[in-house]
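Structure first, then comments.
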There are 4 protein chains.
Amino acid sequence: VTIELASHQYGKAETHLVHVRRDGDVHHVTDLVVAVRLRGDFDAAYLEGDNAGVLPTDSQKNAVFAFARGGVGEIEEFALRLGRHFVATVGSVREARVIISRQPWERVGDSAFSRSAAERRVTTVTCRAESVQVVSGVTGLSLLRSTGSSFKGFLTDPYTTLPEADDRILATAVDARWRFDGEDVDWASAHAAARAALPEAFAARPSLALQQTLYEMAGAVLEAVPAIAEVRLSMPNLHHFLVDLSPFGLDNPDEVYYAPDRPYGLIEGAVRRTGVSDVEWAW
Amino acid sequence: VTIELASHQYGKAETHLVHVRRDGDVHHVTDLVVAVRLRGDFDAAYLEGDNAGVLPTDSQKNAVFAFARGGVGEIEEFALRLGRHFVATVGSVREARVIISRQPWERVGDSAFSRSAAERRVTTVTCRAESVQVVSGVTGLSLLRSTGSSFKGFLTDPYTTLPEADDRILATAVDARWRFDGEDVDWASAHAAARAALPEAFAARPSLALQQTLYEMAGAVLEAVPAIAEVRLSMPNLHHFLVDLSPFGLDNPDEVYYAPDRPYGLIEGAVRRTGVSDVEWAW
Amino acid sequence: VTIELASHQYGKAETHLVHVRRDGDVHHVTDLVVAVRLRGDFDAAYLEGDNAGVLPTDSQKNAVFAFARGGVGEIEEFALRLGRHFVATVGSVREARVIISRQPWERVGDSAFSRSAAERRVTTVTCRAESVQVVSGVTGLSLLRSTGSSFKGFLTDPYTTLPEADDRILATAVDARWRFDGEDVDWASAHAAARAALPEAFAARPSLALQQTLYEMAGAVLEAVPAIAEVRLSMPNLHHFLVDLSPFGLDNPDEVYYAPDRPYGLIEGAVRRTGVSDVEWAW
Amino acid sequence: VTIELASHQYGKAETHLVHVRRDGDVHHVTDLVVAVRLRGDFDAAYLEGDNAGVLPTDSQKNAVFAFARGGVGEIEEFALRLGRHFVATVGSVREARVIISRQPWERVGDSAFSRSAAERRVTTVTCRAESVQVVSGVTGLSLLRSTGSSFKGFLTDPYTTLPEADDRILATAVDARWRFDGEDVDWASAHAAARAALPEAFAARPSLALQQTLYEMAGAVLEAVPAIAEVRLSMPNLHHFLVDLSPFGLDNPDEVYYAPDRPYGLIEGAVRRTGVSDVEWAW
């Protein structure tokens, strides 16, 4: 058989870094999981086991920790510093991607913190010699509205038994990513504004379809943050079904629901500013 | 071989119930996972497959949904209603336990809600004909303090290499349970007070050992809520180790840490009001 | 408030140890997750932060690794060596428990191994100065039978809607523990015999209730291994429901099922050799 | 803000289907998790909440169950039938993808089955009006070799502290996908041959880099199954580090290791038959 190596990449995944900035008695904690992924001239390692161009993933991990000395800053900044470092200093690297997920710690004292959130702020920064791309977002944000959502007028086929719904529970867990146009951005306030737009737009208007609500949420993010060029949302439709209580002599006026874990609908869409070009390698 | 049936129990686990109370335009969502566990005269089912005394777990699930019609209330109230129902109406049942975990939804609109917390409020209510026991608590509450924790003067053996620590990061994820003395309790405010005492006591005083901090946290719960008789805490010691940055020409003045997932210390303890008797069947 | 410390314990959880025995070219891999849990005179640590009696959990982890040098043997042997060590050499320790879970690696070459199983062999060994207890078992063993299981003649109440089932799918995931009477046991062959008895007894006879099948499975383990005194099984009833295909003009003669994740029944029972006394501290 | 809808897709995820074929007393169980994902003319749903072109995900789920009546066959066949159905019968659908993961049940009797494997056989079938693509594979296959793996001669930078390794443990969990060239394939035997090639090639030759071993494994799959055009492997490098036992007066001649969960290296590569063109929409 004649075979050839096509695309390839490697790196260090899931380096867990905790940084403490000690501003007198007031401390600041930054808790990150960092992945590095390199693309470049690594063919010889695959083809012959020749590692001359391969920077060990252990060295990548070391760089993550070393770069944290002196301060991490916003996750986008930290990822940009790391990504550019690999492109600039490792000859075999053509593209470096740094993916960061931040665990939120809330202050409960000068040097004490509490964490109960499953939601994570994330970023994926991809660096090439000539340009960089920053895609940020959130994962693990659950939303539910108990009225104002219908699903009607849909296409039916021989396998359709679903009745039209005038007023159903709409619940989802948003996985959101947004691509910034450039890097001259105030990352913290951009994140805050984009994040805030999601639940607001989720609840703002009647929903005729989760697709429509997704589109409005993406639009709200674009409206809120001019520096964002494109938004991609992945949103499960987490079904809530009314329980039939009639065998027990009870009615159920939109009150008691069961919520199966699966199957679930999965609705996905990308929305961008008109005229903005597609930058697929950023995602 | 001559064998005999010893203890046994059965029930329906993980019934996921979502309740919506519609107070005009303002809605209230209660999101529960409910388990029922019955003990009693079920020997014949085990020994001969005779189900005459066995209430199907499907009926238990139905009761969970039916009892939610009209309102759930605090999770302790709902568990008490359900548990007493099984003891009172099912002849074979000697003891009914109802375990509830509540997922928190935060209001973001009149009928819109958001959930990002991994923390859960929980209760275990055990009902017998003559008495009931209520054990409540929280799970999934992570806490971290970045100073004021030492670990010194410990016992050493030939396998000890750990140096003494003057000032380390102390991090944990609290699993807390408290037993109420009786049921004449304002469950919501008791929960709020007990829950609030945990991070407060975690951060209040210097920690000489996680054991000591655990004891102070349990004591603070007892202090905050007179209706609580005993507190049991299970707290992992989630290690944070300083990274050695010297190979890279950098110092690391208590700033950059790595946090391995495992192994971890696990510290557990029960603290009770003096004179209160042990009620092991409540837990 | 006057409070007092009741029960307490601490130790190192989830030490992941991989041991390689190199028998010439033929290698043997043992892959364990080990927990140590100590009980004893540790009150001063809780009450005053006095660690003089506290062996660091780090030292416990070190002992786990050091004791593996020269060979691990069966997990029960390794746990016994470790547990006795703590009781014998650490003055403050009154009881040492060692919990081991073994990940299975199958040989695919002299020094190459494959692992695809989720099932784990486990042991919980509890050592006191005067006696030891060994409880072993398996977790993660799923079983399904597609005929020969009915559920009829059960108790009904106003919440019962379940029809009787003449022939249903019976599926479960067995969590099994067995207590050995003494330690003069060939651990490997005892494990093999007890483990083999589970699926065999699960399928052997018609099932009138999962309770009955559980009892027969426990009995089969006791029959297979004379050294076992008591068996405790925890078995979910993983429901499989026939899909109603009639809206699509199709019948469904016990062929197409959906299997919701939850809720599920949970059936538990302990079965022991007649005359054997209860040893609750072993579990 | 002027915005526009870019790519979008929707469907039903994680439909859990269990099929029993009753061949007299001998039964056959097929246990699948099925996802459907449709692309096509659904813009109106996103833009205006107009669902006229939207087949409900509930109908998609119903089709999965209905199509199982009469037999499922190999997962590739089932996915092809379903995918083609959606493209052929739903006017708005331009592309239908069906993703199936199969849980293995091993026979322990005529109608009794056991499952202990975490490994899954998977397929992703993408159907368009004019052509289909079949990508199959396995996930959750862990492999370890205890000798014959080195890592030397790598590129170093100021963050490199890793020493060269002459003989290290090499461990991974293979996530493998292979794209078939056409659909005139004996799916079962193709799967068996491709699957078997993975551990064999993993262990066959000395490894100078996990990259090299990955390339050889992909090549072995291409060699074993002529119908496969391209193989993509994603393989973590699950590190095993020798424990330093010298503080305890012990040496450690490549015997006792600890295996941290993270971070880990992640090595990925695609290998294809020379001359075969890239079909990115298949993956």
Side-chain angles (χ1 to χ4, degrees), chain A residues 15-22 25 27-29 31 62-63 65-66 68-71 103-105 108-119 140-148 169 171 173 199-200 202-204 240 243 245 247-248 250-261, chain B residues 15-22 25 27-29 31 62-63 65-66 68-71 103-105 108-119 140-148 169 171 173 199-200 202-204 240 243 245 247-248 250-261:
Chain A
T15 295
H16 187 188
L17 157 71
V18 177
H19 180 273
V20 181
R21 185 158 67 83
R22 299 171 189 271
D25 283 349
H27 295 181
H28 305 265
V29 170
D31 186 335
N62 287 344
F65 287 124
R69 175 71 179 91
Q103 301 200 86
W105 286 97
V108 296
D110 275 357
S111 56
F113 305 87
S114 152
R115 191 185 76 226
S116 66
E119 188 183 332
L141 167 64
S142 294
L143 297 172
L144 181 150
R145 55 189 291 184
S146 47
T147 192
I169 284 187
E200 207 174 286
F202 174 77
H240 286 65
V243 180
L245 300 177
F248 324 121
L250 297 169
D251 61 350
N252 188 358
D254 292 345
E255 181 183 342
V256 180
Y257 298 83
Y258 68 99
D261 300 289
Chain B
T15 296
H16 187 188
L17 156 72
V18 177
H19 181 274
V20 181
R21 184 158 68 81
R22 298 170 190 273
D25 285 349
H27 296 182
H28 304 265
V29 170
D31 185 335
N62 287 343
F65 287 124
R69 175 72 178 91
Q103 301 201 84
W105 285 98
V108 297
D110 274 359
S111 56
F113 305 87
S114 151
R115 190 186 77 225
S116 66
E119 187 182 332
L141 167 63
S142 293
L143 297 172
L144 180 150
R145 54 189 292 185
S146 46
T147 192
I169 285 187
E200 207 173 286
F202 174 77
H240 286 64
V243 180
L245 299 178
F248 323 120
L250 298 169
D251 61 351
N252 188 358
D254 291 345
E255 180 183 342
V256 179
Y257 298 83
Y258 69 99
D261 300 289

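Letters go in sequence order (proteins before strands), and every chain restarts at 1. Hydrogens, waters and symmetry mates are skipped; everything else that's a heavy atom, side chains included, is used. These numbers were taken from a predicted model, which means no experiment stands behind them.
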Would you name the heavy atoms of [X] and [Y] that are closest together and state the gap between them?
X        : Y        : result
A/Leu250 : B/Ala66  : CD1-O, 3.7 Å
B/Glu255 : A/Gly70  : OE2-N, 2.6 Å
A/Phe65  : B/Val243 : CD2-CG2, 3.6 Å

With respect to chain B, which residue among [options] yields the maximal number of heavy-atom pairs within a distance under 4.5 Å?
options                                : result
A/Pro199, A/Ala112, A/Ala204, A/Ala117 : A/Ala117
A/Ala203, A/Ala173, A/Ser114           : A/Ser114
A/Val29, A/Thr15, A/Asp251             : A/Asp251

**Request:** Measure the spacing between CH2 of B/Trp105 and OG of A/Ser142 and express it to the nearest 0.5 Å.
**Result:** 5.0 Å

Pick whichever of [options] has the most heavy-atom pairs under 4.5 Å with chain A.
options                     : answer
B/Leu17, B/Asn62, B/Asp31   : B/Asn62
B/Leu245, B/Asp25, B/Val108 : B/Leu245
B/His16, B/Arg69, B/His19   : B/Arg69

Relative to chain A, which segment of [X] carries a heavy atom at a distance below 4.5 Å: side chain, backbone, both, or neither?
X        : answer
B/Phe113 : both
B/Leu144 : both
B/Leu141 : both

**Message:** So, using side-chain contact (heavy atoms from CB on, under 4.5 Å) as the criterion, who are the partners of B/Arg22 when residues are at least two apart?
**Reply:** A/Ser146, A/Thr147, A/Asp254, A/Tyr257, B/Val20, B/His27

**Message:** Please enumerate all residues that pass side-chain hydrogen bond (donor to acceptor under 3.5 Å, both in side chains) together with A/His240, with sequence neighbours excluded.
**Reply:** none

**Message:** Counting only heavy atoms from other residues, nucleotides and ligands, does the tally under 6.0 Å from CD of B/Glu200 exceed 12?
**Reply:** no

